Amino acid sequence: MEFFFRPEGVAVIGASRSPRKIGHQVLRNIVEGGYGGKVYPVNPKGGEILGLPVYKSVLDVPGSVDLAVVAVPAPVVPSVVRECGEKGVKGVAVISSGFGEVGNRELEEELVRTVKEYGMRLLGPNIFGVVYTPARLNASFGPPEVVPGKIALVSQSGALGIALMGWTQTEDIGLSAVVSVGNKADVSDEDLLDFFSADGNTEVVVIYMEGVKDGRAFMEAVRRCPKPVVVIKAGRSERGAQAVSSHTGSLAGADLVYDGAFRQVGVIRAGDVRDAFVLARALSELPVPEGDGTVIITNGGGMGVLATDAAEDEGLPLYSGPELVAFRSAMPPFGSYRNPVDITGMADPTMYLRALEVAQESRGVHSVILLYCETAVCDPLELAEGLKKEYRREKPLTVAMVGGSRTAEAVHRLNRAGIPAYTSPAEAVRAMKGLYLWKEFRGKRAPLSGGAR
Ligand code: COA
């Protein structure tokens with residue numbers, strides 16, 4: 001699978017001079033994304049595109065080609081893929097639609113046969129491409145800029161995957177990879193899980209899934225994966241399942257069956273895409289808590305109550321032991337050191353940092369949720385800078401900040417510094433819950449049968 005992510009040479013078949021065509025945009029993203037290897041546009045018209053010489057066939061390319069991205073109309077795909085086989089290409093990523101998803105199964109089978117005949121691997125068809133930020137490879141027609149990070153995103157939906165790529169930018173969510181799997185005619189979620197399991201640049205795998213072809217193989221791949229796997233499984237409702245079948249032709253299956261299987265192997269199931277990234281952000285940045293006992297620190301009583309309700313709903317046990325008394329040193333006399341620890345609206349950054357210190361020192365506290373409502377006495381940016389300096393990363397810390405534009409900037413700063421920050425208390429609680437789920441699920445990671453692969 002390595003050649004999809006760190007190819008030595010990339011050919012774009014169907015590269016076009018016309019900026020409105022997908023073959024042009026893929027080439028542009030590869031060139032402008034800063035990919036360091038050789039790039040070969042292929043188009044029977046020849047000439048030059050974006051300053052690169054165009055080859056009339058992949059067979060004319062002088063150097064070796066590991067990856068071919070194919071963006072020509074479906075009926076032409078099998079012949080260009082055969083040429084790729086002759087050339088010795090290792091992986092083909094077929095962007096073109098018009099295969100199994102529209103009932104054209106024969107054409108898809110022909111494509112798979114050709115790929116197998118030459119010992120190649122096929123990503124797709126019906127995909128938007130593949131991105132791997134450590135190699136600065138953006139072989140997709142998604143947004144040109146991708147924030148580098150530790151989350152690998154695998155999407156069965158093209159448009160949603162593209163939208164998420166853009167969204168991760170505005171939300172400061174760093175990605176190691178984005179892979180569009182489309183019809184999964186050959187490369188499956190399992191293949192990708194195995195790749196990301198061993199990939200030193202990936203900490204968490206997020207999968208948007210409509211259906212799996214081989215449930216048992218997927219479960220085994222999850223068990224083999226030593227990293228958190230967060231799945232957004234679409235088609236939960238009966239109507240949703242019908243929509244899935246006309247979208248990617250997948251069988252959504254009974255949701256209860258998926259849910260049970262996910263639980264068995266320790267998949268962290270996300271309710272929707274936002275939830276998936278709330279979880280993945282914390283899972284990719286924070287240490288796993290060593291034990292139960294969360295403390296909520298807040299300058300607003302209401303925020304504290306909302307977070308307590310959310311913790312109750314999530315089954316997240318709050319710390320209630322004797323060490324809470326130490327929080328008195330971080331609040332005015334009318335504050336409350338019961339959990340939630342209410343350091344009051346008078347709290348300034350010094351009081352917050354003192355409360356954080358107490359939580360970091362306390363042996364009974366294993367995780368911290370810090371909440372902030374914007375007040376004139378506590379500048380959010382000063383608080384964010386203080387947290388960046390004082391947070392020791394020994395226990396997980398999630399933050400929720402509610403306020404105006406300075407608060408929004410503080411949230412950005414924290415996220416960019418790898419301290420998961422959200423704009424609602426429920427999300428900060430949910431993110432912490434994700435870490436506790438992963439703590440519980442880690443133990444489930446052992447092969448179903450035989451030794452570890
Ligand atoms: N080798 C190389 N290039 C070839 C070729 C061949 N054998 N045959 C044709 N081409 C060239 C064409 O000449 C054209 O280049 P030009 O602009 O210089 O003429 C280019 O390949 C593209 O072909 P064109 O016929 O113009 O198709 P298109 O760009 O309008 O559409 C697809 C091609 C693949 C994008 C389209 O068929 C498709 O499948 N679109 C859906 C993609 C999608 O949504 N995927 C899923 C996303 S989630």
Side-chain angles (χ1 to χ4, degrees), residues 10-30 39-61 65 67-87 89 92-104 107-108 110-111 114 122-131 138-143 153-166 178-187 189 192 207-210 234 243-244 246-250 273:
V10 182
V12 179
I13 303 179
S16 168
R17 242 172 303 279
S18 164
R20 270 192 269 163
K21 292 201 182 177
I22 285 180
H24 179 93
Q25 290 305 332
V26 172
L27 182 67
R28 180 177 287 275
N29 274 348
I30 297 174
V39 189
Y40 306 107
V42 176
N43 185 314
K45 293 177 183 163
E48 215 177 73
I49 307 176
L50 299 172
L52 295 170
V54 177
Y55 300 89
K56 294 192 173 171
S57 155
V58 71
L59 292 167
D60 301 336
V61 170
V65 176
L67 172 64
V69 185
V70 178
V72 293
V76 191
V77 171
S79 64
V80 303
V81 166
R82 185 165 287 281
E83 287 183 357
C84 289
E86 296 290 334
K87 170 71 183 162
V89 170
V92 285
V94 177
I95 288 190
S96 322
S97 304
F99 292 85
E101 83 285 0
V102 291
N104 214 344
L107 195 63
E108 191 161 307
E110 184 189 346
L111 181 59
T114 310
L122 161 71
L123 189 60
N126 187 28
I127 63 170
F128 64 85
V130 54
V131 176
N138 182 350
S140 81
F141 64 92
L153 170 65
V154 175
S155 180
Q156 195 173 356
S157 158
L160 188 62
I162 293 173
L164 285 179
M165 274 170 79
V178 185
V179 188
S180 173
V181 285
N183 296 5
K184 304 188 202 177
D186 175 32
V187 170
D189 297 320
L192 293 164
I207 305 178
Y208 169 85
M209 169 194 288
E210 297 194 343
V244 157
S246 57
H247 180 211
T248 47
S250 291
V273 286

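These numbers were taken from a predicted model, which means no experiment stands behind them. Order of listing sets the numbers, starting from 1, for every ligand and every atom in it. Along the sequence shown, residues are numbered consecutively beginning with 1.
Looking only at distances, a side-chain donor or acceptor of Asn43 sits under 3.5 Å from a matching main-chain atom of Ala15. When atom types are taken as modelled, the side chain of Asn138 and the backbone of Asn29 share no donor-acceptor pair closer than 3.5 angstrom. No donor-acceptor distance shorter than 3.5 angstrom exists from the side chain of Gln25 to the backbone of Phe141, with no hydrogens or angles considered. A distance-only check finds no donor-acceptor pair linking the side chain of Asn183 to the backbone of Ala185 [under 3.5 Å].
Atom CD1 in Ile95 sits 9.5 Å away from atom CG in Leu123 (nearest 0.5 Å). One distance of note links CG of Asn104 with CD of Glu110; it measures 10.0 Å at 0.5 Å rounding. Annotation: the span from Ser180 atom OG to Ile162 atom CD1 amounts to 7.5 Å, rounded to 0.5 Å. Between the CD1 atom of Ile49 and the CG atom of Leu27 there is a distance of 6.0 Å, given to the nearest 0.5 Å. The distance from the CG atom of Asp60 to the NZ atom of Lys87 is 9.0 Å, given to the nearest 0.5 Å.
For atom 29 (O) of ligand 1, the closest heavy atom belonging to the protein is Lys21 CD, 3.5 Å. Of the protein's heavy atoms, Lys45 NZ, 3.4 Å lies nearest to atom 16 (P) of ligand 1. At the shortest separation from atom 25 (O) of ligand 1 among protein heavy atoms lies Pro73 CG, 3.4 Å. Among all protein heavy atoms, the one lying closest to atom 45 (N) of ligand 1 is Ile95 O, 3.0 Å. The protein heavy atom nearest to atom 15 (O) of ligand 1 is Asn43 ND2, 3.0 Å. The shortest contact between atom 21 (O) of ligand 1 and any protein heavy atom is with Gly14 CA, 3.3 Å. The nearest heavy-atom contact from the protein to atom 3 (N) of ligand 1 is Pro44 CD, 3.3 Å. The shortest contact between atom 9 (C) of ligand 1 and any protein heavy atom is with Val72 CG1, 4.3 Å.
Nearest heavy atoms, Glu83 versus Ser57: OE1-OG, 3.1 Å. The shortest non-hydrogen separation linking Val72 to Ser96 is O-OG, 2.6 Å. Residues Phe128 and Ser157 approach most closely at CE2-O, 4.1 Å, considering heavy atoms. Here the closest non-hydrogen pair linking Ser140 and Val131 is OG-CG2, 3.9 Å.
Close N/O approach between Ser180 and ligand 1 is not found [any backbone or side-chain N/O within under 3.5 Å]. Considering both main-chain and side-chain atoms, Ser97 comes within under 3.5 Å of ligand 1 through a nitrogen or oxygen pair. Residue Ser96 places no N or O, backbone or side chain, under 3.5 Å from any N or O of ligand 1. Note: no N/O pair closer than 3.5 Å links Val80 and ligand 1 by distance alone.
Heavy atoms of Gly98 stay at 4.0 angstrom or farther from ligand 1. Residue contacts with ligand 1 leave out Ser18, since none of its heavy atoms falls under 4.0 Å from the ligand.
Counting heavy atoms closer than 4.0 Å to ligand 1, residue Phe99 contributes nothing at all. Residue contacts with ligand 1 for Ile127 involve N, CA, C or O but no side-chain atom from C-beta outward (heavy atoms, distance under 4.0 Å).
Heavy-atom proximity to Ile22, at under 4.0 Å, picks out these atoms of ligand 1: 35 (C), 42 (C). For ligand 1, the atoms closer than 4.0 angstrom to any heavy atom of Val76 are 7 (N). When each atom of ligand 1 is checked for a heavy atom of Phe141 under 4.0 Å away, the hits are 47 (C). The contact set between ligand 1 and Ile13, taken as ligand atoms under 4.0 Å from a residue heavy atom, comprises 1 (N), 2 (C).
Of the candidates Ala71, Gly182, Gly23, the one placing a heavy atom closest to atom 22 (C) of ligand 1 is Ala71.
Within the 4.0 angstrom cut-off, atom 31 (O) of ligand 1 has no protein heavy-atom neighbours. Protein heavy atoms are absent from the 4.0 Å sphere centred on atom 36 (C) of ligand 1.
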Pair Arg28-Leu50, side-chain contact (heavy atoms from CB on, under 4.5 Å): steps then yes or no: CA-CA 7 Å; Arg28 180 177 287 275; Leu50 299 172; 3.5 Å; yes

